[in-house]
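By convention in this document, chain letters (A, B, ...) are assigned in the order of the sequence lines, proteins followed by strands, and residues within each chain are numbered from 1.
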Amino acid sequence: AQTVTQSQPEMSVQEAETVTLSCTYDTSESDYYLFWYKQPPSRQMILVIRQEAYKQQNATENRFSVNFQKAAKSFSLKISDSQLGDAAMYFCASLTQGGSEKLVFGKGTKLTVNP
Amino acid sequence: NAGVMQNPRHLVRRRGQEARLRCSPMKGHSHVYWYRQLPEEGLKFMVYLQKENIIDESGMPKERFSAEFPKEGPSILRIQQVVRGDSAAYFCASGRRGVRNEQFFGPGTRLTVL
């Protein structure tokens, strides 16, 4: 079974600084997808970034980038130039290609951005 | 192009009542997924449906919970005889046939059981 672990329940960062959120996962599959979702106080789940396991290049979306280490089964999210609007819960998730369609989520990291 | 719609956004029920949660997928999407988020937890998969078919219900509790996605109309998640432990946020996501790596989430329904 797939598992996703986020070892940082809470993190904080100063506005304009950079922060990295950690995620590790476990899967026996060779092909899968990894995601980071943001959940602000409104509780809407917003897709931040996704990575396909067969792609070696790390995904990047504006100020958000990932460090995907396939051998270590690590998938961390880096937020550069942090903004107040980045404050939210961040969830790491995985989806296995060829298996069930279900996303498996970690327990989340609460990010606080200090002005 | 409307996103995934869920209603109601908030639902209050007393123990023993029934709760019905509705989800309308994005236009052109034929796959619906339901997830539950307990307080201070991540989302947990419940069920995956396509039109008129339940594809994977491995995350559904064995009793009191059921889901459907009829040919016409929204997907319904039904909880019979609710208990306090059912209090949670229930999220629906939708996706397109043949596209495995994207699920768009609705705003969720927060169920409170008194």
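Remark: A:K110 NZ is loosely packed, at most 12 non-hydrogen atoms of other residues, nucleotides or ligands lying under 6.0 Å away. Counting non-hydrogen atoms of neighbouring residues, nucleotides and ligands closer than 6.0 angstrom, the CE atom of A:M11 exceeds 12 such neighbours. Within a 6.0 Å radius of NZ in A:K70, more than 12 heavy atoms belonging to other residues, nucleotides or ligands are found. By the 6.0 Å contact criterion, CZ on A:R63 is enclosed, its count of non-hydrogen atoms from other residues, nucleotides or ligands being greater than 12. Atom CD of B:E41 has more than 12 neighbouring heavy atoms from other residues, nucleotides or ligands inside a 6.0 Å radius. Shown here is A:R50, whose CZ atom has more than 12 heavy atoms of other residues, nucleotides or ligands within 6.0 Å.
The contact between A:Q39 and chain B is made entirely by side chain atoms (from C-beta outward), counting heavy-atom distances below 4.5 Å. Neither the backbone nor the side chain of B:F104 has a heavy atom closer than 4.5 Å to any heavy atom of chain A. With a 4.5 Å cut-off on non-hydrogen atoms, A:R43 touches chain B through its backbone and its side chain both.
In this structure, the side chain of A:Q44 engages the main chain of B:F105 through a donor-acceptor pair within 3.5 Å. A donor-acceptor pair under 3.5 Å is absent between the side-chain atoms of B:Y33 and the main chain of A:L103, judged by distance alone.
With rounding to the nearest 0.5 angstrom, the OH atom of A:Y37 is 6.0 Å from the CD atom of B:Q103. Remark: B:I55 CD1 to A:K102 NZ distance equals 14.0 Å, nearest 0.5 Å.
B:Y48 and B:L43 fall within a single hydrophobic cluster, where Ile, Leu, Val, Met, Phe, Trp and Tyr are joined by side-chain heavy atoms under 4.5 Å apart, directly or via other members.
The nearest pair of heavy atoms linking B:Q37 to A:F91 is NE2-CZ, 3.4 Å. Closest non-hydrogen pair, A:S42 versus B:R9, comes out as O-NH2, 4.2 Å.
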